[in-house]
Amino acid sequence: MISIQNVKKIYSSKNGQVVAVDDVNLQIKEGEIFGVIGYSGAGKSTLIRMLNGLELPSEGTVTVAGNEVSKVKGEKLRKARHEISMIFQHFNLLWSRTVRENIAFPLEIAGVASNERRTRVDELIKLVGLEGREDAYPSQLSGGQKQRVGIARALANNPKVLLCDEATSALDPQTTDSILELLVDINARLGLTIVLITHEMHVIRKICHQVAVMESGQIVEMGPVLDVFKHPKQSITKRFVQQVTEPEETKETIEHLLEQYPQGKVVQLTFVGEAAEQPLITNLIRKHDVSVNILQGKISQTQNGSYGTLFIHIDGELNEVTRAMEFLHSQQVGVEVISNG
Ligand code: ADP
């Protein structure tokens, strides 16, 4: 569906040249939710803007839904852009228009007749769950509702690809989740290909099938989300994965735990995929004469399985603790001893 080949983007500024995107290659399949994660300045916006022709690459080719976006101009580019819609961090709504009028706007531009427009807008309002708010103005809506308008407007002309530029970064965590769920629902219902850029691993783990990690204009790691969670290779990827696999304030927690449990072992278990579903702790206690305290944990779901971290304290006779540790090592779980009392 989307193919980016040997793409480079160089900006010339007063202070010289900036290589914003540096020889990027990637393929995105139809119906996939593909996430690009990176810190500020990594080149994410430049990359996503090249997908709808808002920026042209300095080198290389970008093809979306059969159109070489990096080459076509004028009417052809406008047509190609019909297939590709975008939603934004700050929604970009028309403030003097109601919800209904905002959503109708791209249909007006496309020359859709007014009665047809009305039907289509009604459909879209239902799809994004904005029934009852049709006549409200953007200033009367919550952040989540504004983004729903943005999504409805983006879907008006039945695009094949939806680009999301930090679409949930201005929203609180709960609203973020409801918008992410809406995107998953739209992806499943309409088979729409979604490309998103973000600096939050939470967004990637919650909805993406594939992830690319960007640093200094390059893609430094890429693959199915669960694989990247399981085996992050680059240190930047490890940092992103930690954002969601480790409970908040882990360091403080561990220090506190070590004071509290001078004896026995404090162990960090990392679960990925199937392992998180297994009754591992139950088996640990049943099969060994040890006491086990669950100290802290965080296990959550990705689109292709679960992952998470659990801190436990194991105490008992040395032999039994050793056997218990052997048992843990034999399981499909990462084991790291934090303290050896
Ligand atoms: P991200 O979206 O990951 O924050 P950007 O694509 O916005 O990254 O920026 C990548 C790099 O390109 C940064 O160093 C940024 O300063 C530079 N850059 C982005 N847009 C321009 C521009 N129009 N002119 C000059 N430099 C730019």
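These figures come from a predicted structure and were not determined experimentally. Just the heavy atoms: all of them, side chains too, but no hydrogens, waters or symmetry mates, feed the values below. Whatever order the structure lists ligands and atoms in, that order sets their numbers, starting from 1.
Remark: atom 19 (C) of ligand 1 lies closer than 4.0 Å to at least one protein heavy atom. Less than 4.0 angstrom separates atom 4 (O) of ligand 1 from at least one non-hydrogen atom of the protein.
Here's the thing with G43: one of its N/O atoms is less than 3.5 angstrom from an N/O atom of ligand 1.
Taking 4.0 Å as the cut-off, S13 does not count as a neighbour of ligand 1 on heavy-atom distance. Residue G38 places every heavy atom at 4.0 Å or more from ligand 1.
Using a 3.5 Å distance cut-off with no hydrogens or angles, the side chains of D122 and T119 do not pair a donor with an acceptor. Side chains of H82 and N158: no donor on one and acceptor on the other come within 3.5 Å. Side-chain contact of N25 with Q5: a donor-acceptor pair under 3.5 Å is absent, judged by distance alone. Using modelled atom types and a 3.5 Å distance limit, the side chains of S58 and Y11 yield no donor-acceptor pair.
The protein non-hydrogen atom at the shortest distance from atom 12 (O) of ligand 1 is A20 CB, 3.3 Å. The single protein non-hydrogen atom nearest to atom 2 (O) of ligand 1 is S45 OG, 2.5 Å, given as residue, atom name and distance. For atom 14 (O) of ligand 1, the nearest protein heavy atom (residue, atom name, distance) is V18 CG1, 3.8 Å. Looking only at heavy atoms of the protein, atom 6 (O) of ligand 1 is closest to T46 OG1, 2.5 Å. Among protein heavy atoms, the minimum distance from atom 25 (C) of ligand 1 is reached at Y11 CB, 3.4 Å. Nearest non-hydrogen protein atom to atom 10 (C) of ligand 1 is G41 O, 3.5 Å.
Applying the 4.0 Å criterion to heavy atoms of A42 picks out, from ligand 1, the atoms 1 (P), 3 (O), 8 (O). Shown in contact with Y39 at under 4.0 Å from a heavy atom are these atoms of ligand 1, numbered in order with element: 3 (O).
Using a 4.5 Å heavy-atom threshold, the side chains of I312 and I314 count as touching. Side chains of I281 and R286 form no contact here, defined as non-hydrogen atoms less than 4.5 Å apart. In this structure, E134 and L130 have side chains that are not in contact, with every pair of non-hydrogen atoms separated by 4.5 Å or more.
Note on K126 versus E123: no salt bridge recorded, every NZ/NE/NH1/NH2 to OD/OE distance being 4.0 Å or above.
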> Stepwise, does the side-chain contact (heavy atoms from CB on, under 4.5 Å) test hold for V228 with L226?
Replying inline: CA-CA 5 Å; V228 172; L226 203 58; over 6 Å; no
